[in-house]
Amino acid sequence: MRIDAISIFTEYFQALDLSLLGKAQAAGLLNFKAHDLRDYTHDRHRTVDDTPYGGGAGMLMKPEPWGEAFDDILGESDDAPVIIFTSPAGEVFKQSTARELAGRKHLVFACGRYEGIDQRVVDYAATKGEVRLISIGDYVLNGGEVAAIAMIEAIARLVPGVIGNAESLVEESHSDGLLEYPSYTKPSEWRGLEVPPVLLSGNHALIAKWRHDQQVERTRQVRPDLLGE
């Protein structure tokens, strides 16, 4: 899978060189590159923003640096890209979104700053690939980088080979619409707190039932919306 990110703060994405995603890149399972939007400016101040037409607070990201960035990055693509604008005005990112995007060959994350990006950038990007506006929640961040990193990690770990034990993906929260059950490891008693006896029973059918019951109960308490309640 090829993943590109466009940002004025490319240092954020150094986190993707760590842990499993770093190993996946070294193994050739992922091809990630962060592009500095300021490299596509032509004035000595490397300006990427200007005042919005019609007035209003703050500054807006100018269209031309974005246009040149898309021309450069997407001109190299052999696959129909999905261009993702991180935006609080977009669809909410879910595990099902991650699974869907993990099956695509080329993702491009456009990380806005200030008061956002000129709408014509989104319209132009739609001539280059499939555009998606995606939010990671009902709150506002200073920029799109943190949201992009969260989505990239959620997507990339579903690419075959990135996670060594594929069975662990099946048992995670949201994989079946429920939250994950509580887990325990050795010792069986710690500071007066004991592991539930069923997990020590060796009865795999009972353990499976207990875990499912725990998923349902935890989901009911924490996220009843997932159960339609």
Asks: Would you call D4 and R2 a salt bridge, taking side-chain N to carboxylate O under 4.0 Å as the test?
Replies: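 Answer for the salt bridge query: yes.
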Asks: Are any side-chain N or O atoms of T51 and backbone N or O atoms of M59, one a donor and one an acceptor, separated by less than 3.5 Å?
Replies: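 No: the side chain of T51 does not pair with the backbone of M59.
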Asks: What is the distance from atom CD1 of I117 to atom CZ of F85, rounded to the nearest 0.5 Å?
Replies: 5.5 Å
Asks: NE2 of H35 to OG of S7: how many Å apart, nearest 0.5 Å?
Replies: 11.0 Å
Asks: Under a 4.5 Å side-chain heavy-atom rule over Ile, Leu, Val, Met, Phe, Trp and Tyr, are Y114 and L133 clustered together?
Replies: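 Yes, Y114 and L133 fall within the same hydrophobic cluster.
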Asks: Determine, using the 4.5 Å side-chain heavy-atom cutoff (strictly less than), whether Y12 and L18 are members of one ILVMFWY cluster.
Replies: no
Asks: For L16, does its backbone N or O pair with a side-chain atom of Q25 as donor and acceptor, under 3.5 Å?
Replies: yes
Asks: Heavy atoms, side chains only, cut-off 4.5 Å: are P182 and R218 in contact?
Replies: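 P182 vs R218: side chains touch.
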Asks: Hey, does V162 have a side-chain heavy atom less than 4.5 Å from the side chain of K23?
Replies: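 Heavy-atom side-chain distance check fails, nothing below 4.5 Å.
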Asks: Check E145 with R113, please: is the shortest side-chain N to carboxylate O separation under 4.0 Å?
Replies: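 Salt bridge between R113 and E145, a charged N being under 4.0 Å from a carboxylate O: yes.
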Asks: Evaluate whether atom OH of Y53 has more than 12 neighbouring non-hydrogen atoms of other residues, nucleotides or ligands under 6.0 angstrom away.
Replies: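 Atom OH in Y53 is not packed in, count stays at 12 or less.
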Asks: Side-chain heavy atoms nearer than 4.5 Å, only ILVMFWY residues, links allowed to pass through others: does that put W66 and L60 together?
Replies: no
Asks: Rounded to the nearest 0.5 Å, how far apart are CD1 of I83 and OG1 of T127?
Replies: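 Spacing of CD1 (I83) from OG1 (T127) equals 8.0 Å.
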Asks: Does F13 belong to the same Ile/Leu/Val/Met/Phe/Trp/Tyr cluster as F109, with side-chain heavy atoms less than 4.5 Å apart forming each link?
Replies: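 Result: yes, single cluster for both.
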Asks: Using links of under 4.5 Å between side-chain heavy atoms of ILVMFWY residues, direct or through other members, which residues join L193 in one cluster?
Replies: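 Via sub-4.5 Å side-chain contacts, L193 links to W190.
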Asks: Is there a donor-acceptor pair closer than 3.5 Å between any side-chain N or O of S87 and the backbone N or O of A89?
Replies: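 Present.
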Asks: What's the verdict on side-chain contact (heavy atoms from CB on, under 4.5 Å) for T97 and R132, showing C-alpha distance, side-chain angles and the deciding distance?
Replies: CA-CA 11 Å; T97 316; R132 301 275 292 271; 3.9 Å; yes
Asks: For E153, look at atom CD and say whether over 12 heavy atoms of other residues, nucleotides or ligands are found less than 6.0 Å away.
Replies: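 Counting other residues, nucleotides and ligands, CD of E153 stays at 12 neighbours or fewer.
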Asks: Are the side chains of N31 and I3 in contact, using a 4.5 Å heavy-atom criterion?
Replies: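 No, too far: nothing below the 4.5 Å cut-off.
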Asks: If we check side chain to side chain contact (heavy atoms under 4.5 Å, CB included) with D213, which of these qualifies: K209, Q215, E217?
Replies: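 Among K209, Q215, E217, the one meeting side chain to side chain contact (heavy atoms under 4.5 Å, CB included) with D213 is K209.
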Asks: Applying side-chain contact (heavy atoms from CB on, under 4.5 Å) to V82 and V108, what does each step give before you reach the verdict?
Replies: CA-CA 6 Å; V82 179; V108 180; over 6 Å; no
Asks: The criterion is salt bridge (Lys or Arg N to Asp or Glu O under 4.0 Å); which residues satisfy it with K62, sequence neighbours excluded?
Replies: none
Asks: Taking all non-hydrogen atoms of both residues into account, name the closest pair between I6 and A69 and its distance.
Replies: CD1-CB, 4.1 Å
Asks: To the nearest 0.5 Å, tell me how far M1 CE sits from I155 CD1.
Replies: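 If we round to the nearest 0.5 Å, M1:CE and I155:CD1 are 6.5 Å apart.
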Asks: More than 12 heavy atoms of other residues, nucleotides or ligands under 6.0 Å from CZ of R46: yes or no?
Replies: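 Count over threshold, so yes.
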Asks: Between A80 and R104, what is the shortest heavy-atom contact and its length?
Replies: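 Where A80 meets R104 most closely, the heavy atoms are O-NH2, 4.3 Å.
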Asks: Passes side-chain contact (heavy atoms from CB on, under 4.5 Å), D72 versus E68? Steps please.
Replies: CA-CA 6 Å; D72 179 34; E68 292 194 20; over 6 Å; no
Asks: Between L101 and I134, is the side-chain contact (heavy atoms from CB on, under 4.5 Å) condition met? List the steps.
Replies: CA-CA 12 Å; L101 294 175; I134 303 181; 4.2 Å; yes
Asks: Is a salt bridge present between D36 and R38, judged by a nitrogen-to-oxygen distance below 4.0 Å?
Replies: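 No salt bridge links D36 with R38.
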Asks: Checking side chain to side chain donor-acceptor pair (under 3.5 Å) for the pair H42/E64: CA distance, chi angles, key distance, verdict?
Replies: CA-CA 10 Å; H42 302 286; E64 187 52 29; over 6 Å; no
Asks: How far does CZ of R99 sit from NZ of K94, to the nearest 0.5 angstrom?
Replies: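 These two atoms lie 11.5 Å from each other.
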Asks: Heavy-atom distance under 4.5 Å between the side chains of M61 and D50, does that happen here?
Replies: no
Asks: Which atom pair, heavy atoms only, marks the closest approach of C111 to A148?
Replies: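 So the minimum-distance heavy-atom pair works out to SG-CB, 3.7 Å.
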Asks: Do I136 and L141 make a side-chain contact, defined as non-hydrogen atoms from C-beta onward lying under 4.5 Å apart?
Replies: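 Side chain of I136 against side chain of L141, heavy atoms only: contact under 4.5 Å found.
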Asks: Do F70 and Y124 have ring centres separated by under 6.0 Å?
Replies: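 Between F70 and Y124, the centre distance exceeds or equals 6.0 Å.
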Asks: Can you check whether L178 reaches R223 side chain to side chain, under 4.5 Å on heavy atoms?
Replies: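 With C-beta onward as the side chain, the pair stays apart.
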Asks: Report the distance from atom OG1 of T41 to atom CG of D43, rounding to the nearest 0.5 Å.
Replies: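 Between atom OG1 of T41 and atom CG of D43 there are 5.5 Å.
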Asks: Considering all heavy atoms of both residues, which atom of L158 and which atom of A102 are nearest to each other, and what is their separation?
Replies: CB-CB, 3.8 Å
Asks: Tell me who clusters with I207, hydrophobic residues only, linked when side chains sit under 4.5 Å apart either directly or through other members.
Replies: Y184, V195, V198, L199, L200, L206, W210
Asks: What are the two closest non-hydrogen atoms of G90 and S135, and how far apart are they?
Replies: O-CB, 3.9 Å
Asks: In terms of hydrophobic clustering (I, L, V, M, F, W, Y; side-chain heavy atoms under 4.5 Å; direct or indirect links), are F32 and L74 co-clustered?
Replies: yes
